Amino acid sequence: MTDPSREAMHRSPALDMPDVPKGQLPPHLELQRTRVLCNFDAPTHTENIQYSGAYASMGVDNSLRMDKFCKDFRVEVIRLSEDDMEFDLVGIDPSIANAFRRILIAELPTMAIEKVLIANNTSVVQDEVLAHRLGLIPIDADPRLFEYFSENDTPNEKNTIVLKLHVRCERGAPRLTVKSNELKWLPNGSEFPLATENITSDPTSKPKTYTSFSCSQDSLPEFSNKSLGPKHPDITIARLGPGQEIELEAHVVKGMGKTHAKWSPVATAWYRMLPEVVLLQDIEDEKAEELVKKCPVNVFDIEDIGKGKKKAIVVRPRACTLCRECIRGDDWDKYVAIRRVKNHFICK
């Protein structure tokens with residue numbers, strides 16, 4: 001004879017059983033889904049589970065929905081200076097974080113020297129190398145104020161900045177270092193006459209140059225209070241010996257890094273997952289001091305808890321470099337856990 005209560009228990013769905021939570025994952029599965037566990041030998045659970053039905057048996061929807069993405073995603077600016085930026089991307093997949101990194105490198109427009117007209121170069125630097133060095137000099141100009149320049153366009157005040165370089169080392173003088181501060185802005189455009197085979201124009205008229213500016217750029221309101229030119233004045237371009245000379249014009253245009261690296265606005269763009277350092281149990285007195293000394297980047301500190309006792313605390317988890325010194329030897333992995341948050345990225 002069968003027991004009715006046991007038969008009813010066999011008929012009950014798995015989701016109704018008390019040891020299987022509805023709508024949420026057990027703590028150990030949630031930890032595996034959202035964290036990379038950094039053990040002393042190697043990290044584990046590094047993969048991202050993309051399958052929407054991975055946790056369907058527990059009533060958890062793992063699909064990517066736009067409304068959830070918009071709710072969870074945010075950008076937090078940590079540090080912003082003239083030459084450096086650090087920000088956090090929260091609530092996204094690594095593939096999307098990498099897409100942001102690639103956009104920063106390749107798809108943000110900047111201004112860079114594209115064309116170099118060399119009238120005289122008697123230095124030891126070849127013309128091609130000199131033009132390449134000039135192209136890599138950062139230009140202090142807002143690309144939003146300029147239009148893109150194509151092969152069919154005429155250089156004008158809206159799509160081109162003209163810089164002039166004319167430096168000579170006199171005979172008997174010491175060697176001269178040519179730096180980027182020698183590049184002078186020509187707000188009226190090119191001063192080099194356009195080379196033509198048949199000169200039929202009136203000699204009294206103004207010669208035609210390599211640009212067609214309808215007005216001076218310094219007369220425009222956006223440039224009236226700011227001179228255009230190199231961002232840094234101390235970049236070495238070349239070194240001239242006695243009697244050597246460089247005379248050229250450099251034309252600056254708008255472009256993007258996917259065309260050439262000189263238009264890339266960042267020297268490096270990288271990201272890493274947010275470190276998470278967790279103390280699994282209280283670490284006090286001498287062991288706390290030992291833990292503080294083990295960390296080379298000062299993630300831990302000592303807190304006075306009274307009665308002559310001290311306790312280790314985590315004060316700078318963001319500084320963790322995953323060296324794992326704090327979990328090496330003497331079963332330290334039972335006291336400290338190092339993790340990475342899978343959907344939180346530190347970008348620089």
Side-chain angles (χ1 to χ4, degrees), residues 110-141 143 145-171 176-220 222-224 226-233 235-241 243-255 259-260 262-263:
T110 60
M111 305 296 290
I113 294 173
E114 168 67 0
K115 183 185 292 185
V116 179
L117 307 176
I118 300 177
N120 188 15
N121 178 24
T122 57
S123 70
V124 297
V125 184
Q126 298 94 332
D127 291 355
E128 295 83 357
V129 177
L130 181 61
H132 182 265
R133 290 180 64 85
L134 290 169
L136 296 177
I137 296 176
I139 304 300
D140 187 12
L145 304 177
F146 293 89
E147 301 173 354
Y148 284 101
F149 179 81
S150 65
E151 295 181 358
N152 299 324
D153 292 336
T154 301
N156 56 54
E157 70 279 2
K158 295 182 180 180
N159 59 26
T160 303
I161 302 171
V162 181
L163 304 176
K164 179 181 180 180
L165 176 64
H166 191 185
V167 184
R168 176 181 174 83
C169 182
E170 300 296 336
R171 294 189 180 276
L176 177 64
T177 300
V178 182
K179 294 187 177 291
S180 53
N181 61 349
E182 298 289 345
L183 285 166
K184 307 301 181 183
W185 177 37
L186 299 179
N188 293 311
S190 175
E191 294 180 349
F192 284 177
L194 186 63
T196 55
E197 294 182 1
N198 299 319
I199 303 177
T200 58
S201 60
D202 186 357
T204 60
S205 63
K206 183 179 178 181
K208 189 176 182 181
T209 64
Y210 286 88
T211 58
S212 300
F213 282 24
S214 60
C215 64
S216 176
Q217 285 180 325
D218 57 5
S219 66
L220 300 175
E222 54 266 31
F223 306 127
S224 58
K226 182 179 180 181
S227 177
L228 302 177
K231 174 67 175 177
H232 306 288
I235 300 175
T236 299
I237 298 174
R239 296 198 69 186
L240 300 181
Q244 294 180 347
E245 181 181 6
I246 295 178
E247 183 181 4
L248 57 83
E249 274 187 3
H251 292 197
V252 180
V253 299
K254 183 178 179 178
T259 304
H260 193 283
K262 64 186 177 183
W263 279 298

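Since the model is a prediction, treat every value here as computed from it, not as a measurement. Side-chain atoms are counted along with the backbone in the values below, which use heavy atoms only and exclude waters and symmetry mates.
A pairwise comparison of heavy atoms in Val253 and Trp263 identifies O-NE1, 3.2 Å as the closest pair. Across all non-hydrogen atoms, the minimal contact from Phe146 to Leu228 is CZ-CD1, 4.0 Å. Closest approach of Thr122 to Gln244, counting heavy atoms only: OG1-CA, 3.3 Å. Taking all atoms of both residues into account, the shortest heavy-atom contact from Arg168 to Gly243 is NH1-O, 3.9 Å. Of all heavy-atom pairs spanning Leu183 and Pro230, the tightest one is CD1-CG, 3.8 Å. The minimum heavy-atom distance linking Phe213 with Asn188 is given by the pair CD2-C, 3.5 Å.
With hydrogens and angles left out, the side-chain atoms of Thr154 and Asn156 include no donor and acceptor closer than 3.5 Å. Using modelled atom types and a 3.5 Å distance limit, the side chains of His166 and Glu182 yield no donor-acceptor pair.
Ser224 places no side-chain N or O within 3.5 Å of a backbone atom of Ser219 that could act as its donor or acceptor partner. In terms of modelled atom types and a separation under 3.5 Å, the side chain of Thr211 and the main chain of Ser190 share a donor-acceptor contact. A donor-acceptor pair is defined here as one N or O able to donate and one able to accept, closer than 3.5 Å; such a pair exists between the side chain of Lys184 and the backbone of Asn181. Lys254 contributes a side-chain N or O that, together with a main-chain N or O of Pro143, makes up a donor-acceptor pair within less than 3.5 Å. A donor-acceptor pair is defined here as one N or O able to donate and one able to accept, closer than 3.5 Å; such a pair exists between the side chain of Gln217 and the backbone of Glu157. Remark: the backbone N or O of Phe192 is not paired with any side-chain donor or acceptor of Thr209 at under 3.5 angstrom. At least one donor-acceptor pair closer than 3.5 Å links the side chain of Glu249 to the backbone N or O of Glu191.
Sparse packing is recorded around NZ of Lys208, with 12 or fewer heavy atoms of other residues, nucleotides or ligands lying under 6.0 Å away. At most 12 heavy atoms of other shown residues, nucleotides or ligands fall within 6.0 angstrom of atom NZ in Lys115.
Evaluated for a side chain to side chain contact (heavy atoms under 4.5 Å, CB included) with His251, the options Ile161, Val116, Val162 yield exactly one hit, Val162.
Taking NZ from Lys231 and OG from Ser180, the interatomic distance works out to 12.0 Å, rounded to the nearest 0.5 Å. Note that CD1 of Ile246 and CG of Leu165 are 6.0 Å apart. Values are rounded to the nearest 0.5 Å. Here the CG-CG distance, from Leu186 to Leu163, works out to 7.5 Å after rounding to the nearest 0.5 Å.
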(request) Verify side chain to side chain donor-acceptor pair (under 3.5 Å) between Asp218 and Ser216, making sure each step is shown before the conclusion. (result) CA-CA 5 Å; Asp218 57 5; Ser216 176; 2.3 Å; yes
Side chains of residues 125-137: which donor-acceptor partners sit under 3.5 Å, not counting sequence neighbours?
from   : atom 1 : to     : atom 2 : distance (Å)
Asp127 : OD1    : Asn121 : ND2    : 2.7
Arg133 : NE     : Ile237 : O      : 2.9
Arg133 : NH2    : Thr236 : O      : 2.6

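In this view, Lys262 and Glu114 satisfy the side chain to side chain donor-acceptor pair (under 3.5 Å) rule, not counting sequence neighbours.
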